[in-house]
> 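I'd like to ask some things about the structure below.
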Amino acid sequence: MADVIPIGRGQYRVIDGTRQRTAYAAGPPEARWVFLDGRVYVIDVRSGTDVARTGPAGTREGGRTPDEDLALSAPMPATVAAINVAPGQLVEPGDLLIVLEAMKMELPVRAPRAGRVKAVACRPGELVQPGIPLVELE
Amino acid sequence: MADVIPIGRGQYRVIDGTRQRTAYAAGPPEARWVFLDGRVYVIDVRSGTDVARTGPAGTREGGRTPDEDLALSAPMPATVAAINVAPGQLVEPGDLLIVLEAMKMELPVRAPRAGRVKAVACRPGELVQPGIPLVELE
Amino acid sequence: MFRSILIANRGEIAVRVIRACRELGIESIAVYSDADDRALHVALADRAVRIGPAPAAQSYLSGEAILQAARETGAEAIHPGYGFLAESHAFAASCAGAGLAFIGPPSGVIARMGSKTAARALAEQAGVPVVPGATPSDQRDETIAAAACRLGFPVVVKPSEGGGGIGMKTVPEEASLLPAIAQARREAAAAFGDGTLYVERLIDRPRHVEIQVVGDHHGRIVHLFERECSLQRRHQKIVEEAPSPAVTPALRARMGGAAVALARAAGYRNCGTVEFLLDGSGDEARFYFLEMNTRLQVEHPVTEQTTGVDLVRTQIVVAAGGPLPWTQDELRQRGHAIEVRVYAEDPERHDLPQAGPLLLYREPSMPGVRVDGGVAEGGDVSVHYDPLVAKLIAWGDTRDLARRRALAALRSYPILGVRTNGPFLIALLEHPRFIAGQLDTGLVEAERPVLLAGLAGAPPPEAVAVARHASVDAAAHDPNGPAVIDPWTLLRGWRG
Amino acid sequence: MFRSILIANRGEIAVRVIRACRELGIESIAVYSDADDRALHVALADRAVRIGPAPAAQSYLSGEAILQAARETGAEAIHPGYGFLAESHAFAASCAGAGLAFIGPPSGVIARMGSKTAARALAEQAGVPVVPGATPSDQRDETIAAAACRLGFPVVVKPSEGGGGIGMKTVPEEASLLPAIAQARREAAAAFGDGTLYVERLIDRPRHVEIQVVGDHHGRIVHLFERECSLQRRHQKIVEEAPSPAVTPALRARMGGAAVALARAAGYRNCGTVEFLLDGSGDEARFYFLEMNTRLQVEHPVTEQTTGVDLVRTQIVVAAGGPLPWTQDELRQRGHAIEVRVYAEDPERHDLPQAGPLLLYREPSMPGVRVDGGVAEGGDVSVHYDPLVAKLIAWGDTRDLARRRALAALRSYPILGVRTNGPFLIALLEHPRFIAGQLDTGLVEAERPVLLAGLAGAPPPEAVAVARHASVDAAAHDPNGPAVIDPWTLLRGWRG
């Protein structure tokens, strides 16, 4: 197993014999960010697992909004560019529900799971705020 | 008086109306280092004075060696390149006593005050260590 | 020369302009919204003025608030950067009305080149090739379909106004034409309040190659060669380079000449970019006018690094009435530059923009590498604005050295606390097609599964060891104090 | 190409070579003394090997320890950097004997050019002008005096071997000649154990201009133009630039040709520098061979920034047997580059070297600015080695832009915890004679009172306010934790 030596603020040397690499780390133990060889990992120190990939997506942004609400809301203030679904419609995971536009970027809102559209909570051209679901799934 | 706002680790904004500059600070209150407009100040926070210029030189390096010993010793491991004085000789402040050489640099050791040379504690070509006076003044 | 310039922007481009001002001895005036009161551009400017709350519409997009700040501070000129008000002809006109120099082309030129139809007409008039296409004045489905058939398939049906790929439909053959027209019209009307459609021939797997031009008040217009910007995701560039691997000297001269001809026809002044689609490569390649951007481009540094020209400084000098200091013949490309855009976004989750605190942020510093950044450690990436963190530009005497330098720099560029596309960019620069210079605008999407595959996998044991070590020992061993801090104290503007 | 290179050096030059290795895909192997176990070059290398205790004689100057590290790690080549063993012909020979490629010229060339007498003889033979002078074989005072009189006054009397200005005496007229000879002999004998003296004509207020050369294993030798290094304090360069404000194209061609002729006569390979004294400026100026440095120079970046050539990479390619990739005609200077050397030293106390902790250290990052640094925040400047902290290199299309960029960068380069010459360098770059390009090797000493005057004065109230604010509020307000730390915990190796 490699040795780890702190060499500066948030900076570590990973040593394996004479071979070594520089790593960086920051963040709380339950979601410690690590930079190594150009890759970034968010590690739960207790389990040693990658929070970003194994945990529910919601926990990554602070665990305050359920995963689905997050997936169905704007990631940033944005304008609704297109609405591709209507109430009652059945959707498959990954289906494009809504296209948002913000800062010249197109942001797709896709179905996180299969289901039926219960309501569409926005209008084309509307400026929507982050964190508020734009589509409700049954 | 300008406002000072911390804007990052050790980094401050100095604001005077809409005019502003960035400053940096680090170090203990009795010798706080400040960077502003390309200049560096070492300030005793209690008195607001420049430690580097107003305090005894010795305190700047930690107050462990008296000023004179410091002035008369090598600042780093060095080779004695030339000895310009002999015991008994009278010297004036600023007189060149010894020339050291280290890392391709010539380092002059000058008299911090007027006085008579009591002893010369090194030989030409000798490798001397920092902190040990090379000349003793009466 | 101006005594002071107000920079009507934020982030890396505001920082870039502030630095150009400092080098010229010009007072720089930053503006900021409430979300940016501790932003890097605010910290670096000589003066800073609050212009409104976080939403851009009430701050960086408010021409009124910006002109008010200019009046308060006695600014002599306004640099709009890119985005926000940079291509607002109304804002440029307001500046002129307020007696301020707008560092960009005249308002009328912005207006004309901002209209796709007018710009295309001007290009045709100037003898610049355009993609065959038409906006039928009779907008019935059948008339549009007939126009499409005359062009030959595949064709693209898209909204006449608008952008961002919204409402754009690719139609491979006549059978699917009518439904596509109907859907495009619905989407165009929904998105832009205008259902007018435009049809054009589809250039299959084109390259995106653009020419930098600059003109002064004395009638001189030159081009500064090309940039290739084919690598895009969701119609946004992420890697740009100069020169283009596809452009030969003869083609370069033809494209440069076309761009200058168009700029001259438009009465252009200051920096601008003529975008082309390139079909094929080498002397025989065909190019088609796409649009003209009447502002500084995000990717301007690759031109700066290869020509030795400071474009921002040139913008300022030209806006102040100064002459361009070089003739076309004096300009040369040297070596190769590659820019990668580091975005706070998650390539594994549909490039979803990310916001959050920069718990640790260290820009690489090495020969041949330039970082145009807009943030600092301890700051954050706000939800309110574009998630561009920084641009990393690598120069080398060969394309491969520039590529290796960019890779070495990305591997020395820790950004912790917010997910970025850094690892994705590394995978892209290591992709065989990038190495071979075989680029087209579809590459990123076509190769996305391959690129993402390189990012998958559990953290290696060394990463886990570092995470654990940081937990146990950081506070005790690190002389500069613990790097372990509570990110939630930083979550100003954090969504949730 | 080599699979791995051991870098027999430390500090910024070791970091520079590690970066070149990384770009070439070569494994980099750092060596370090006990004083450097947490140094930046150790952190950045792929592998690192301890070679001994802090004193250089037992670590970085120990050829044996370094060869042992090379054997242990299977290194294929050794890059010596500059200083330490870079000009040791014995070390170069040992490397060859151990089957390692020494990245530098052949051992015999180092030995020959390392002898002032032999180098001067070779220069004369190659038709390169030398300063009129002689080492009389009869070393009696009277014979030396006679030789001096033949040269014409003023003359310089100096030790035949040695350097650093030790034992060097300037003699304005014949009357003071004999005492000067006697004193120089005493000092030479004391300093170098050899009282042999050399007399040469004094070139009054010369410029120091040097030519970069590089040769490959295939007989090609080219020069990469000049660097002006006239700004020196205590015979050590502190500001270098390219091109020289005094050199015209015709003079450049003559000096370049002379340097290549000498390199060819010496059988030179790899990078080297031919130093000249320049008397006057313009086409009519005279130049005199001073010495040849058989290694990479500290100031190599100004050549890199103006020619677009990566000299360290070129050294590696050439040492591996590769051909130089360009002919003389393909090389061009573009724009202007200025390097300032940031030393831990106190200009107000006779440039006394300083050591101490880097409580805060932030390198500037801006277009046209390159920092070749060897330290990081939280590290320290050790008493054991050269106090060079970093080199800051600014490039601009004109000399004045390069100068302004260097100034802007120095004003954005906080180094706290150890006194540096940063403020002195700012004063130097703002001095009217620097602005006018009127440089000579005596400028810094002649203008020292003026330069220091700008540094005097009590801290302004804003600086005191920052100091007080940091004291009261840093811990509470700074989200990244207090910057106020106890420097004494860092004082490993601190003198006292």
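Chain letters run A, B, ... following the sequence lines, proteins first and then strands; every chain starts at 1.
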> Quick one: CG on D3(B) to NE2 on H469(D), what's the gap to the nearest 0.5 Å?
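Reported value, rounded in 0.5 Å steps: 8.5 Å.
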
> Tell me the closest heavy-atom pair linking A467(D) and R32(B), and the distance in Å.
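In this case the closest contact between A467(D) and R32(B) is O-NE, 3.0 Å.
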
> Minimum heavy-atom separation for L360(D) to A25(B), with atom names?
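Heavy atoms only, the tightest pair is CD1-O, 3.9 Å.
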
> Side chains of residues 406-413 of chain D: which donor-acceptor partners sit under 3.5 Å, not counting sequence neighbours?
residue	atom	partner	partner atom	Å
R411(D)	NH2	E430(D)	OE2	2.5
S412(D)	OG	A408(D)	O	3.0
Y413(D)	OH	Y361(D)	OH	2.7

> Can you name the side chain to side chain donor-acceptor pair (under 3.5 Å) partners of T441(D), sequence neighbours left out?
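With neighbours one apart ignored, the set is empty.
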
> Nearest heavy-atom pair of A23(B) and V466(D): which atoms, and what distance?
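Answer, listing the atom of A23(B) first, then V466(D): CB-CG2, 3.8 Å.
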
> Which atoms of L425(D) are under 4.5 Å from chain B, going by heavy atoms: the side chain, the backbone, both sets, or neither?
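L425(D) has no heavy atom closer than 4.5 Å to chain B.
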
> What's the separation between atom CZ in R468(D) and atom CD1 in I43(B), rounded to the nearest 0.5 Å?
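If we round to the nearest 0.5 Å, R468(D):CZ and I43(B):CD1 are 8.5 Å apart.
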
> Might you point out which heavy atoms bring V4(B) and A465(D) nearest each other, and give the distance in Å?
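Nearest pair, atom of V4(B) first, then A465(D): CG2-CB, 3.9 Å.
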
> Quick one: are P460(D) and L36(B) in side-chain contact, heavy atoms under 4.5 Å?
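Yes, close enough: below the 4.5 Å cut-off.
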
> Which distance, rounded to the nearest 0.5 Å, do you find between the CG of L416(D) and the OH of Y24(B)?
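Going from CG on L416(D) over to OH on Y24(B), the span is 9.5 Å.
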
> First locate atom CD of E462(D), then atom CG of D37(B), and finally report the distance between them rounded to the nearest 0.5 Å.
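Between E462(D) CD and D37(B) CG, I get 8.0 Å after rounding to 0.5 Å.
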
> Please assess R419(D) against V42(B) for the test side-chain contact (heavy atoms from CB on, under 4.5 Å), listing each intermediate value before the final yes or no.
CA-CA 9 Å; R419(D) 188 68 66 170; V42(B) 186; 3.5 Å; yes

> Any side-chain heavy atom of V40(B) within less than 4.5 Å of one from I415(D)?
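No, every pair of side-chain atoms sits at 4.5 Å or beyond.
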
> Specify the closest pair of heavy atoms between G38(B) and P423(D), including all atoms of both residues, with the distance to one decimal.
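Result for this residue pair: O-CG, 3.6 Å.
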
> Report which part of R123(B) has an atom under 4.5 Å of a heavy atom belonging to chain D: side chain, backbone, both, or neither.
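For R123(B), neither part sits under 4.5 Å from chain D.
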
